[in-house]
Peer 1: 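Quick one: the structure is below, questions incoming.
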There are 2 protein chains.
Amino acid sequence: MERILVKELRNYDDKVIMISGWVHRIRRLGKLAFIIVRDRTGIVQCVIDTKNIDIKGLKLESVVEITGVVQKKIGIDEDVELWTHSLVIYSGVNEDLPIEINKENLEINIDTILNYRVLALRNLKINAIFKVQAVLAQAFQGYLEGEDFTQVFSPKIVSEGTEGGTELFEIKYFEKKAYLAQSPQFYKQMLVGSGFERVFEIGHVYRAEEHNTIRHLNEYVSLDLEMGFIKDERDIMNLEGKLLKFMFNSVKEKCGKELELLQVNIPEIADEIPSMRLSDAIEILKKFYGRTDLLHDLDPEGEKQICEYAKKYLNSEFLFLTYYPRSKRPMYAMPAEENLTHSFDLLFRGLEITTGGQRIHNYEQLKDSIASRGLKVESFKDYLQVFKFGMPPHGGLAIGLERLTAQLLGFKNIREVTLFPRDRDRIRP
Amino acid sequence: MERILVKELRNYDDKVIMISGWVHRIRRLGKLAFIIVRDRTGIVQCVIDTKNIDIKGLKLESVVEITGVVQKKIGIDEDVELWTHSLVIYSGVNEDLPIEINKENLEINIDTILNYRVLALRNLKINAIFKVQAVLAQAFQGYLEGEDFTQVFSPKIVSEGTEGGTELFEIKYFEKKAYLAQSPQFYKQMLVGSGFERVFEIGHVYRAEEHNTIRHLNEYVSLDLEMGFIKDERDIMNLEGKLLKFMFNSVKEKCGKELELLQVNIPEIADEIPSMRLSDAIEILKKFYGRTDLLHDLDPEGEKQICEYAKKYLNSEFLFLTYYPRSKRPMYAMPAEENLTHSFDLLFRGLEITTGGQRIHNYEQLKDSIASRGLKVESFKDYLQVFKFGMPPHGGLAIGLERLTAQLLGFKNIREVTLFPRDRDRIRP
């Protein structure tokens with residue numbers, strides 16, 4: 001008999017069918033047992049007559065195959081249950097569960113969740129997080145393919161860092177030293193110049209940062225794009241607005257059940273996301289929040305405050321901050337007047353989720369910029385090659401997939417939205 | 001003026017428009033110059049009257065913006081050219097090109113191609129390889145999403161290897177030692193058991209193999225999938241047949257121009273890909289090719305020979321080999337009779353492109369299997385956890401993206417179809 005998914009059961013009223021899944025809950029009532037079975041599409045109650053079917057070996061989380069008749073639940077038209085004919089245990093459980101998977105909210109701390117990550121993922125709410133995350137990644141890809149971007153896979157084993165060698169994980173690469181890539185930045189620029197013009201990558205990036213905060217991971221998924229023949233960073237910002245709109249609409253369309261479980265509202269994105277200069281944001285924070293301590297950048301508190309301001313006065317949960325000072329941006333950022341750059345951050349609900357901007361495309365200017373940072377031009381020879389032979393004006397951005405997921409779904413600790421996080425202390429499971 | 005792409009020019013007959021791209025070729029004829037401009041969508045000839053427009057600074061591969069009138073080429077109805085009004089150089093070229101980008105075939109060896117990878121990618125044929133590769137990856141994802149698979153991102157920084165510690169790249173992870181993941185094998189199994197049931201991942205995997213062959217890379221992209229509630233490995237093989245059919249049809253649909261350039265025919269895939277036991281394949285090789293030296297596995301030559309046989313007698317460019325001996329498969333492979341396993345390889349045009357099979361889902365059996373290999377059960381504790389608490393019958397496979405691309409497009413050296421390959425000697429560019 002072919003397996004029927006739980007979500008399809010209502011199409012099989014009065015029919016004998018087979019389901020399979022995990023035992024989510026067990027309740028006994030005299031000679032009857034009510035077993036709730038969970039598969040990837042939902043849960044259903046199976047009524048078992050224990051005179052005929054032995055359920056002694058059955059424990060929570062056993063994997064079972066159940067055959068029975070689909071019946072409408074008395075009084076509830078849309079809901080069905082299964083009157084069990086036979087039950088097979090595929091995979092038994094002999095130990096007590098370390099966590100209560102079937103609770104609505106697990107009510108355990110993040111370390112326990114991560115220690116039992118795979119079991120915790122069986123909890124419906126926790127599972128839903130990663131369904132949403134998958135749709136975000138899929139929509140990122142889908143939108144950009146529609147805009148003629150080519151998906152690329154750049155190496156994560158690199159011989160030099162992008163920023164001059166700090167915060168890199170070192171690898172023993174046979175006789176050589178190599179490093180884990182901090183970002184695909186150089187490669188995506190090089191690939192724009194290699195004729196693809198528009199590229200994107202979904203891949204891991206690595207930061208050997210010593211600090212251990214709720215906003216940082218040492219390995220995370222970066223949604224990267226880079227695009228040639230732009231006028232300036234506004235082209236990238238406009239693209240990101242449309243991209244995020246598409247991504248959020250995909251989540252709305254495909255994750256109705258998950259959003260309900262997580263009690264999340266997807267924010268509207270205006271056709272044009274509001275933007276302001278970083279210096280103006282700092283002025284606002286001084287005036288409205290008494291933040292006289294901020295000079296050339298925002299701290300996490302400042303990000304929260306300016307987002308609060310944007311929500312109140314600009315009616316937006318998103319805010320672009322633009323024209324970051326040169327000192328706060330890498331050597332490839334396109335300079336603007338007064339030691340500023342053609343760059344931006346995108347803040348969402350109090351957290352930076354994107355950094356982007358226009359890049360320098362002139363070879364001499366780029367070499368000078370590298371040298372002006374005290375870096376050795378020679379170390380960037382592979383990167384620089386393409387700039388000697390015709391590089392279009394270009395720019396791009398990177399979105400942290402975990403940060404975006406966390407902000408969208410309302411989680412404070414980024415580890416909650418990372419399947420198997422790697423941080424200062426954790427490399428397991 | 002908004003940029004028009006070269007492929008769209010035929011819709012602008014007699015109109016004044018603007019294009020931008022790289023200078024692909026320059027030819028002078030008296031007072032006229034004929035410049036071929038290349039953008040991501042194609043090439044077009046621009047006619048320039050050098051009495052009015054100075055082209056002295058113009059070199060091959062300069063990035064230009066050209067405004068002019070679109071004109072049908074005399075005698076060729078479908079083709080257009082641009083009569084140039086003005087020309088702006090975005091990005092000049094001051095050095096001689098190290099390779100002749102505009103040749104039909106580059107005619108340089110693979111090391112030179114890789115040393116100048118980014119410039120080589122501007123060659124139309126080389127560029128086309130990676131357009132096809134992107135479509136393969138996209139179609140892998142698209143098909144599996146349609147089959148209710150969830151895309152996952154598993155960590156590449158791991159504390160243990162999947163096979164007991166050989167061929168791993170070591171990372172300095174703060175005070176600890178960590179390794180680069182050889183495959184997402186354990187994680188994808190764990191995620192099947194975490195309730196997703198069906199997962200896929202597109203990501204890098206790492207093999208610290210010392211040998212340097214045309215078939216191996218030390219970093220490559222693995223298209224991985226894993227699926228719960230299967231009957232046996234046949235379910236996975238059937239899925240792969242449909243998946244590959246979808247992927248190849250996508251390439252046919254979306255990459256007409258690229259396939260023409262590369263002169264490649266996409267093979268038909270039968271509804272059921274032929275399969276034979278490995279032991280039968282070895283018998284056939286003995287009988288038809290005099291290969292008395294093969295015992296429990298095929299060598300690269302044997303793979304070629306059995307594919308030749310399959311093409312001739314089974315009319316298929318694909319061939320599944322099944323029932324590999326336990327000694328040739330990892331500890332998680334589901335045992336079959338006579339020391340065999342429920343596993344398979346898929347060969348395509350003489351090369352293995354997939355390894356897959358059913359996995360052990362019983363906790364005790366898996367522990368015994370680990371111990372029987374002389375491995376420490378304790379080292380696999382994170383992996384084993386989920387097997388204690390209800391694991392469905394499951395299986396999966398991994399396709400090497402670069403190998404699939406190479407075989408499909410007819411390249412012998414896998415480096416040709418890898419943007420920035422990492423091998424025994426190469427970690428640059």
Side-chain angles (χ1 to χ4, degrees), chain A residues 3 20 22 40 61-63 90-91 93 95 97 118-119 121-122 127 130-131 134 137-138 145 150-157 159 169-174 176 178 187 190 193-197 203-204 219 221 229 361-362 382 385-386 388-393 419-420 422 424 427-429, chain B residues 3 20 22 40 61-63 90-91 93 95 97 118-119 121-122 127 130-131 134 137-138 145 150-157 159 169-174 176 178 187 190 193-197 203-204 219 221 229 361-362 382 385-386 388-393 419-420 422 424 427-429:
Chain A
R3 177 192 189 198
S20 35
W22 287 264
R40 70 177 190 273
E61 297 304 318
S62 303
V63 175
Y90 282 150
S91 177
V93 174
E95 281 185 36
L97 286 171
V118 179
L119 298 178
L121 282 166
R122 292 188 187 166
N127 199 278
F130 297 94
K131 291 276 178 72
Q138 171 193 355
E145 272 156 8
T150 300
Q151 182 170 19
V152 295
F153 302 95
S154 72
K156 304 308 162 203
I157 296 177
S159 55
F169 285 115
E170 189 185 305
I171 310 166
K172 242 173 85 178
Y173 195 85
F174 305 112
K176 296 189 194 106
Y187 289 103
M190 286 151 73
S194 78
F196 293 113
E197 294 185 21
H204 281 103
E219 174 184 57
V221 176
F229 298 101
H361 60 274
N362 182 282
D382 291 337
Q385 190 188 70
V386 66
K388 289 196 272 189
F389 300 104
M391 189 71 180
L419 281 173
F420 301 99
R422 296 302 182 240
R424 184 69 184 76
I427 50 172
R428 292 178 48 197
Chain B
R3 178 192 188 197
S20 35
W22 287 264
R40 72 178 189 272
E61 298 302 318
S62 303
V63 175
Y90 281 150
S91 176
V93 174
E95 281 186 34
L97 286 170
V118 179
L119 298 177
L121 282 166
R122 292 188 186 167
N127 198 279
F130 298 95
K131 293 277 178 74
Q138 171 193 353
E145 272 157 6
T150 300
Q151 182 169 18
V152 295
F153 302 95
S154 72
K156 304 308 161 205
I157 295 176
S159 55
F169 285 115
E170 189 184 306
I171 310 166
K172 242 173 85 178
Y173 195 85
F174 305 111
K176 297 189 193 104
Y187 290 103
M190 287 151 74
S194 77
F196 292 114
E197 295 186 18
H204 282 104
E219 174 185 57
V221 176
F229 298 101
H361 60 274
N362 181 282
D382 291 338
Q385 190 189 70
V386 68
K388 288 195 271 187
F389 299 104
M391 189 71 180
L419 281 172
F420 301 100
R422 296 302 182 242
R424 186 67 184 77
I427 50 172
R428 290 178 48 197

Peer 1: Given that the side chain runs from C-beta out, which part of A:V118 has a heavy atom under 4.5 Å from chain B: side chain, backbone, both or neither?
Peer 2: both
Peer 1: Taking B:M391's backbone N and O only, do any of them form a donor-acceptor pair with A:S91's side chain (distance below 3.5 Å, no angle check)?
Peer 2: yes
Peer 1: Is chain B contacted by the side chain of A:L419, its backbone, both, or neither, given a heavy-atom distance below 4.5 Å?
Peer 2: side chain
Peer 1: In terms of the angle between their ring planes, are A:F196 and B:F130 parallel, tilted or perpendicular, with boundaries placed at 30° and 60°?
Peer 2: perpendicular
Peer 1: If we only count heavy atoms from C-beta on, is the A:H204 to B:H204 side-chain gap below 4.5 Å?
Peer 2: no
Peer 1: For A:A137 and B:Q151, which heavy atoms make the closest approach, and how far apart are they?
Peer 2: CB-OE1, 4.1 Å
Peer 1: Which one wins on heavy-atom pair count under 4.5 Å against chain B: A:P429, A:S154, A:A134?
Peer 2: A:P429
Peer 1: Please list, chain by chain and in numerical order, all residues satisfying salt bridge (Lys or Arg N to Asp or Glu O under 4.0 Å) with A:R422, sequence neighbours excluded.
Peer 2: none
Peer 1: Quick check on A:P155 against chain B: is it the side chain, the backbone, both or neither that has a heavy atom closer than 4.5 Å?
Peer 2: both
Peer 1: Please identify each residue that fulfils salt bridge (Lys or Arg N to Asp or Glu O under 4.0 Å) with B:K388, with sequence neighbours left out.
Peer 2: A:E95
Peer 1: Can you say whether A:N127 sits under 4.5 Å from chain B via the side chain, the backbone, both, or neither, judging by heavy atoms?
Peer 2: both
Peer 1: Side chains of B:W22 and A:F389: closer than 4.5 Å at any heavy-atom pair?
Peer 2: no
Peer 1: Most heavy-atom pairs under 4.5 angstrom with chain A, which of B:R3, B:E170, B:K176?
Peer 2: B:R3
Peer 1: Looking just at side-chain N and O atoms, do A:Q138 and B:E145 make a donor-acceptor pair shorter than 3.5 Å?
Peer 2: yes
